[in-house]
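Here's the structure we're looking at; comments come further down.
Counting convention: from 1, in listed order, for ligands and their atoms alike.
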Amino acid sequence: MSEQQKVYPVKPEVADAAWINKEQYLAMYAESVNNPEAFWAEQGKRLDWMQPYTRVKNTSFDPHNVDIRWFEDGTLNASVNCLDRHLAERGDQVAIIWEGDDPNEDKKITYRELYHEVCRFANGLKKLGVQKGEVVTLYMPMVPEAAIAMLACARLGAVHSVVFGGFSPDAIASRVIGSDSRIIITSDEGLRGGKCVPLKENVDEGLNNPAVKTVEHVVVLKRTGGSIDWQEGRDVWWHELVADCADECPAEEMQAEDPLFILFTSGSTGAPKGLKHTTGGYLVYASMTHQYIFDYKPGEVYWCTADVGWVTGHSYIVYGPLANGGTTLMFEGVPSYPTHGRIGEVCDKHQVNILYTAPTAVRALMAQGDNVMDSSTRSSLRLLGSVGEPINPEAWEWYYRVIGNSQCPIVDTWWQTETGGILIAPLPGATDLKPGSATLPFFGVQPALVDAEGKILEGATEGNLVILDSWPGQGRSIWGDHERFVQTYFSTYQGMYFTGDGCRRDEDGCYWITGRVDDVINVSGHRMGTAEVESALVAHEAVAEAAVVGYPHDIKGQGIYVYVTLADGFDASDELRKELVKWVRKEIGPIASPDVIQFSPGLPKTRSGKIMRRILRKIAANETDGLGDTSTLADPSVVDDLIENRAIQ
Ligand code: WT7
């Protein structure tokens, strides 16, 4: 039996204890697509509404009128749903377990404490004039204050825009410009793997950009106490801001379709776009998927290792778990520090029941050998999750056998920044597992595979993955550019949401995501536009032209392979290679570091001047036997040179 056909059936004891078993899944799924109004009207009740909704679904994927509304006449506040409503029953239960970068540092925060901290900080933000509807930018380390700041914004009806702490000053600047933020919340420094990350310094540098005109205040959390520059009048210490603030703060009544947050993500062209997520549908969906896909039970300790700078952190560290009154673990550090056993040690220390991480982390541990987990038992674990990129069956098996002691189902969860929550994943009590497959759609999700013309393909087949109808967690627009939203997602295949992913469906109806079919690459689960890396490169004086492609990488899933033609007067050298890597890190951030740079006198182009990336991808992947037709190239000899001088990996 090949790896790809291996099946792990649901164990009866898991099905018995789970929220949803197979019969329930089938019945509920059928109801969710046959009668979405009634289905979601019922599911929406999982939240506390200030004004109950009477209209449930009002959505159109028609490219002339893309308009997505859920629960539109209901009102609510997300922070009330994550905090206030839990106080009576579980005020003293731990909401956030924080595990520091240093294994000797940790902290537990109860729901009551979190509630008061959020109120206090919301009152602090009010003193700075923060109002409903304005965008507040966060650039934070993985500390509870990141969640506190998000929830404080939600309490006031301000829209948070979290910028991943690994991004560069330029990236901060462009995101602040794209959202007209007046307030930035950051920290003196972050701490990761024993090293300091100069967050405040990066903010200062980003704000030096003369095109940033809107920022009035930078709120600074003291994390390390390291020395930082201070701009009197602009910069405000977090602890000083809240020193005299009350620990109660009334919550704004928000319309279900008022924005909760924006989050910038990369596409195949242009600058990153700010995906807009709204309040009601998003929170219903984040909370419901968290409960059913992780089969989350009250009192369990749940750990998602993502950073709050990504959508995974938004939906499955903060909003989903807290809306469900869960205990969510937040980890400041990295899996390899102080040793590669850290993830298992944290599981033992905090008795983690559910662990949700990325394939790249699993593969990095796998590369250390089976003994890497010897320092822990992980006996508290009950369920494992995977997210961010396809998980290869070998990594799945290793995750199952070594980290999960062959005891824990793995939910491979496929979704995107745009989708707000998980769309395709097994339910542990209902779905037989297949290593490498995200298996079946969640309630209300109607995936389909289409060919290049948009014809829907039936049965076991392969094609481009689209979603036929809306689900409540769906992103509603691109901030300030609805037309781009329509163009990017609803115009390739009329009337369908196009995911950008390729996918196979097997004879059991299970989905196997094969990766992006556009010019987006996925490096260690981090999404990047090849065009962004290219535009960073051509901004360097030595670069005349650059083309960037992904290539298979053992640990990262995909690595970044760069082809560069040099400007007149510059010569290829290792020095220049290092310089360009440094340059890209500075322009975008360390996650965009090129793995390989190949200098070449020319790039393969069609006669009309279009770079043939298909060929560049093949050369990078060392698949030079199957280059296909190169006769349409303006200068076919370019290809021979590229192959001959292929950079060694
Ligand atoms: C892209 C979305 C989902 C939150 C984190 C990433 C890839 C994501 C899986 C999975 C195969 C996956 C897709 C998708 N992806 N999860 N389980 N199996 N591929 O969110 O940064 O918006 O990236 O990540 O290619 O389109 P994102």
Y285 and W415 aromatic centres sub-6.0 Å: no

Ring centre gap for F490 and F485 strictly below 6.0 Å: yes

Atom of Y29, atom of P441 and distance for their closest heavy-atom approach: OH-CG, 3.7 Å

Those atoms of ligand 1 less than 4.0 Å from some heavy atom in N522: 7 (C), 24 (O)

With heavy atoms under 4.0 Å as the rule, classify the contact between [X] and ligand 1 as side chain, backbone, both or neither.
X    : value
P390 : both
E389 : backbone
V311 : side chain

Is there a polar contact between ligand 1 and [X], counting only N or O atoms under 3.5 Å apart?
X    : value
R527 : yes
G388 : yes
D412 : yes
T413 : yes
T417 : yes

Criterion side chain to side chain contact (heavy atoms under 4.5 Å, CB included) on S386 and V362, from CA distance to verdict: CA-CA 9 Å; S386 172; V362 174; over 6 Å; no

Regarding [X] and [Y], is there a side-chain donor-to-acceptor distance under 3.5 Å anywhere?
X    : Y    : value
N405 : R378 : yes
S181 : T137 : yes
N392 : E394 : yes

Give me the nearest non-hydrogen protein atom to [atom] as residue plus atom name, then the distance to 0.1 Å.
atom                    : answer
atom 5 (C) of ligand 1  : T312 OG1, 3.3 Å
atom 13 (C) of ligand 1 : D501 OD2, 3.2 Å
atom 3 (C) of ligand 1  : W415 O, 3.0 Å

Proximity flag G500 to ligand 1, non-hydrogen atoms under 4.0 Å: no

Residue-ligand contact W310/ligand 1, heavy atom below 4.0 Å: no

Ion pair check, D519 and R617, cut-off under 4.0 Å: yes

Side chains of L468 and I456 in contact at under 4.5 Å (non-hydrogen atoms): yes

